[in-house]
Asker: 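The structure is given below, and queries will be raised subsequently.
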Amino acid sequence: MQTKDYKSYFDKMDAELLKISPRKDIMLLRVIASIIPVVCFGLDMLYDIPALYWLGIPFYLFCLGIYLESFLKAVLLMRKVSAELLIVLVMIVTLIDGEPLSGAMVAWFIGLGLYISFSIIRKNREKIESLIQEGKKTANVIVGDEIKEIPICEVQKNDLIIVPKGAMIAVDGKITEGASSIDESFVTGEPFPVYKETGSFVTSGTLNLTAPLQVSAEKNGDDSFMAVIAQEIEASLSKKSDLQRRADTTVQILLLSVTAYAFLLLFVTGSLHLMATALAVMCPCAWALATPTAFAANIGRLAGDNILARGGEPLENMQDIKTLILDKTGTVTLAEPEVSQVIEVNMPQQELLELAASVESRFDHPISRSIINFAKTQGVTHFRPVEQAEDLPGRGIKAVIENKHILIGSAETLLTQDIELPDVDYTGRAIWIAVDGDVKGIIVIRDIMLAEMKNLTDTIHSFGIEKVILATGDNEEKEAKRVAEYINADEYYFNSTPEDKTALVKKYQASGKVAMVGDGVNDAPALAAANVGIAIGGHKNVNLAITSSDIVILGHDAEDLIKILQLSQKMGGIIQQNYAWAMGFNSVGLALATFGFLNPIFAAFLHHISSVFVVTNAGRLYFTHIENSFAQPLFRKMDAWSTRKLNQLDAPEKEYDKKTGKC
């Protein structure tokens with residue numbers, strides 16, 4: 001039979017098993033199918049009730065059949081040996097040896113551990129997929145004389161799309177009718193809206209703020225990044241880290257070695273009892289569960305806190321980060337401007353604010369709202385009549401009030417009108433106000449700082465990260481310096497293009513792993529180039545965030561970044577503890593089994609302790625009540641041990657740094 005014939009057969013088998021599986025979950029069916037014979041055989045052993053023994057046999061054989069089907073599927077379809085090999089052998093040998101209770105216990109313990117692990121993974125995947133479905137929105141397409149609402153993936157190139165005011169632009173395209181301010185902060189990182197009119201290009205994922213638009217699609221909807229998000233996440237979740245791949249290889253070797261050793265014992269001693277004991281105690285479940293349970297628990301814990309990790313590898317890499325690069329707009333700041341200062345130039349502040357707020361009241365964008373709100377707090381309640389209000393795309397606004405020509409914009413805007421600018425010292429972004437060609441004042445705005453970002457660098461340093469760098473696309477050095485000093489960054493870069501940020505990542509990768517924290521697809525090249533890309537503020541546009549990063553923080557809480565560092569470091573220690581336990585347990589268990597100090601039932605019990613320990617230890621990441629249980633002193637000692645081991649591993653590197661004079 002060919003592989004496709006095998007696949008067809010196993011698909012039919014799985015379909016039949018799903019029909020009788022609780023919650024359509026074959027792993028749960030394994031647990032139930034194995035616990036029934038455990039109970040029956042156990043009661044028979046305690047109370048000598050043969051009827052229970054024979055009642056348990058059909059369930060035992062059914063359970064054996066499920067594991068045998070899974071083992072054959074792995075061998076014939078994936079060309080690899082799975083842990084089901086030892087389970088099948090243990091169940092067959094113990095049944096022949098007259099000790100099926102130990103075989104049933106092994107099947108139950110392993111099945112339960114795997115069910116817990118994959119349940120956590122499944123919950124996290126469902127959470128991510130539900131978020132993706134929210135992003136699979138529709139588009140209003142002009143078809144003849146009608147407007148039809150269709151899924152974005154069905155949009156074809158050159159289709160005409162209607163984008164209402166306040167809606168997300170569904171596809172990349174060109175404006176064919178209308179003009180509006182576009183919020184591109186999710187895409188370009190620019191905190192302020194950009195005015196676009198007929199002939200201008202717009203990007204999917206940006207927001208149309210002020211007026212309806214008609215857009216001609218430049219590509220098919222299924223060619224955009226949104227169409228492939230689900231596939232990318234599925235691939236990333238199934239992608240194994242180097243640590244997992246090494247663990248899988250070790251398990252493959254152990255499986256074959258244990259099988260060979262068990263048959264050697266049978267050949268030398270002729271004892272099925274001894275063979276079953278060795279198989280039961282040496283089944284490498286602890287090895288197999290050590291990494292995936294820790295990854296799954298950490299991913300699930302983070303997902304519960306609205307942090308989405310694309311698999312275990314980025315969390316593993318977070319333990320080794322040497323440089324962390326932070327974008328400013330929307331990452332360290334809220335990307336919402338506030339008025340920080342009003343500078344009078346030949347006009348009283350109250351009159352200046354009244355003029356500016358009157359003009360800004362004719363427009364709807366973040367700068368306008370911040371100026372109007374600030375003016376109200378300063379007692380401005382009356383707006384003057386405004387005539388000929390006009391938006392100057394990308395430059396500012398102008399209007400006429402009481403026959404006076406008002407121009408509000410950047411320094412460059414006023415210079416193009418040959419207006420002389422006074423020498424004024426300020427910190428932030430200046431909005432200049434000119435009346436009839438003379439500067440009357442400046443309103444200084446700046447992004448709102450997040451209070452929890454204060455001295456953020458000091459906390460990050462405590463996790464072993466050597467350098468924290470602020471990189472921003474803003475062209476105001478004063479603003480970049482202000483933010484850098486606020487978070488106590490080691491270095492800062494301003495006026496950084498996406499290419500500059502990518503080059504910065506590659507520069508520091510020469511001295512160790514780099515994490516990039518950003519908000520927006522303009523950071524995508526840098527996020528992709530970094531060893532770990534972290535998108536913060538992903539709740540605004542989860543599709544964009546998931547596409548460009550390894551970890552998505554759905555909120556704006558800096559504590560979430562610290563939480564990632566804390567849990568990643570803790571996860572590394574737990575994985576190390578799990579492998580140390582698995583290695584020690586299997587070595588001692590095999591020695592005891594070889595010299596006849598164990599029987600199959602006690603071996604299965606010890607195997608149960610080993611597997612449960614690994615799953616419980618990993619579960620500390622997901623279930624906080626485990627961490628705070630009666631075993632808390634033991635967990636603290638284990639964490640202290642793994643921390644010492646990690647510090648010993650880092651010691652040679654630190655010594656080398658001292659000799660070379662590098663920090």
Side-chain angles (χ1 to χ4, degrees), residues 179-185 188-201 209-211 329 335-347 349 351-375 383-384 386-447 472-480 494-495 497:
S180 179
S181 292
I182 307 297
D183 182 355
E184 296 186 336
S185 60
T188 65
E190 169 58 44
F192 307 113
V194 178
Y195 182 83
K196 299 211 172 184
E197 55 190 4
T198 301
S200 299
F201 286 92
L209 295 178
T210 56
T329 305
E336 287 288 339
E338 64 175 354
V339 175
S340 62
Q341 185 181 9
V342 177
I343 301 174
E344 305 170 14
V345 181
N346 301 323
M347 180 177 283
Q349 176 176 308
E351 184 180 356
L352 182 70
L353 286 173
E354 190 173 305
L355 282 176
S358 298
V359 177
E360 296 287 1
S361 67
R362 297 299 190 270
F363 301 91
D364 182 24
H365 52 70
I367 293 178
S368 297
R369 292 193 294 271
S370 66
I371 291 175
I372 292 170
N373 291 335
F374 180 79
F383 292 158
R384 302 183 187 184
V386 178
E387 300 175 353
Q388 302 177 35
E390 181 182 349
D391 195 341
L392 305 175
R395 294 180 294 152
I397 55 178
K398 65 179 182 179
V400 175
I401 295 179
E402 299 170 356
N403 296 321
K404 296 178 181 178
H405 292 271
I406 314 298
L407 177 61
I408 302 175
S410 64
E412 291 76 12
T413 300
L414 271 65
L415 289 172
T416 59
Q417 301 296 316
D418 297 324
I419 297 176
E420 185 177 349
L421 304 182
D423 186 15
V424 179
D425 187 31
Y426 59 88
T427 300
R429 179 177 297 199
I431 304 298
W432 295 77
I433 302 169
V435 179
D436 290 334
D438 293 324
V439 173
K440 296 299 181 181
I442 303 169
I443 297 178
V444 181
I445 63 172
R446 59 187 183 183
D447 290 341
T472 175
D474 282 6
N475 54 19
E476 295 268 2
E477 182 179 6
K478 290 181 179 179
E479 179 69 356
F494 67 99
N495 203 22
T497 64

Asker: Does the side chain of Asp438 come within less than 4.5 Å of Lys440's, by heavy atoms?
Answerer: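 They are in side-chain contact.
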Asker: Looking at CG of Leu353 and CD1 of Ile443, how far apart are the two atoms once the value is rounded to the nearest 0.5 Å?
Answerer: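 So the CG of Leu353 and the CD1 of Ile443 are separated by 5.5 Å.
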Asker: Under the rule for salt bridge (Lys or Arg N to Asp or Glu O under 4.0 Å), what residues qualify as partners of Asp436, not counting sequence neighbours?
Answerer: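 With sequence neighbours excluded, Asp436 shows a salt bridge (Lys or Arg N to Asp or Glu O under 4.0 Å) to no residue whatsoever.
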Asker: Could you tell me if the side chain of Arg384 sits less than 4.5 Å from the side chain of Leu355, heavy atoms only?
Answerer: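 Yes; the side chains approach each other to less than 4.5 Å.
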Asker: So, for Ala356 and Ile433, which heavy atoms are closest and what is the spacing to 0.1 Å?
Answerer: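 Result for this residue pair: CB-CD1, 3.7 Å.
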Asker: Closest approach of Leu209 and Ser180, non-hydrogen atoms and distance?
Answerer: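 Of all heavy-atom pairs spanning Leu209 and Ser180, the closest is N-OG, 3.8 Å.
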Asker: Could you list the residues that satisfy side chain to side chain contact (heavy atoms under 4.5 Å, CB included) with Gln388, not counting sequence neighbours?
Answerer: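 Result, side chain to side chain contact (heavy atoms under 4.5 Å, CB included) vs Gln388: Val400.
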Asker: Tell me yes or no: between the side chains of Ser358 and Ser361, is some donor less than 3.5 Å from an acceptor?
Answerer: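 There is no such pair between these side chains.
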Asker: Decide yes or no on side-chain contact (heavy atoms from CB on, under 4.5 Å) for Ile401 and Val435, but give the supporting numbers first.
Answerer: CA-CA 10 Å; Ile401 295 179; Val435 179; over 6 Å; no
Asker: Can you find a pair of side-chain heavy atoms, one from Ser410 and one from Ile431, that are under 4.5 Å apart?
Answerer: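 No, their side chains stay 4.5 Å or more apart.
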Asker: Under the salt bridge (Lys or Arg N to Asp or Glu O under 4.0 Å) rule, collect the residues that match up with Glu351, sequence neighbours excluded.
Answerer: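 Here no residue qualifies.
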Asker: Can you name the nearest heavy-atom pair linking Ala211 to Ala179, along with the distance?
Answerer: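 Heavy-atom minimum between the residues: CB-O, 3.4 Å.
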Asker: Ile372 and Phe383: side-chain contact (heavy atoms from CB on, under 4.5 Å), yes or no, with the steps?
Answerer: CA-CA 10 Å; Ile372 292 170; Phe383 292 158; 3.9 Å; yes
Asker: Ala389: what forms a side chain to side chain contact (heavy atoms under 4.5 Å, CB included) with it, not counting sequence neighbours?
Answerer: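 So Ala389 forms a side chain to side chain contact (heavy atoms under 4.5 Å, CB included) with Arg362, Phe363, Val386, Ala399.
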Asker: Compare all side-chain heavy atoms of Val439 with those of Val424 and state whether any distance is below 4.5 angstrom.
Answerer: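 No. Closest side-chain heavy atoms not under 4.5 Å.
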Asker: Can you check whether Ile397 reaches Glu360 side chain to side chain, under 4.5 Å on heavy atoms?
Answerer: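 Yes - at least one pair of side-chain heavy atoms lies under 4.5 Å apart.
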Asker: Would you name the heavy atoms of Thr472 and Ala480 that are closest together and state the gap between them?
Answerer: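 Closest pair (atom of Thr472, atom of Ala480, distance): CG2-CB, 3.8 Å.
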Asker: Taking only residues two or more places apart in sequence, or in another chain, which ones meet Lys398 in a side chain to side chain contact (heavy atoms under 4.5 Å, CB included)?
Answerer: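 Side chain to side chain contact (heavy atoms under 4.5 Å, CB included) list for Lys398, sorted by chain: Glu390, Leu392, Leu407.
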Asker: Please name all residues satisfying side chain to side chain contact (heavy atoms under 4.5 Å, CB included) with Ala411, sequence neighbours left out, ordered by chain then number.
Answerer: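 Here the qualifying residues are Leu421, Trp432.
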Asker: Under 3.5 Å, side-chain donor or acceptor atoms of residues 337-345 against the rest of the protein: list the pairs with distances, not counting sequence neighbours.
Answerer:
| residue | atom | partner | partner atom | Å |
| --- | --- | --- | --- | --- |
| Ser340 | OG | Val444 | O | 3.3 |
| Glu344 | OE2 | Gln349 | N | 3.4 |

Asker: For Asp418, enumerate each residue passing the side chain to side chain donor-acceptor pair (under 3.5 Å) test, keeping only those at least two apart in sequence or located in another chain.
Answerer: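 So Asp418 forms no side chain to side chain donor-acceptor pair (under 3.5 Å) with any residue.
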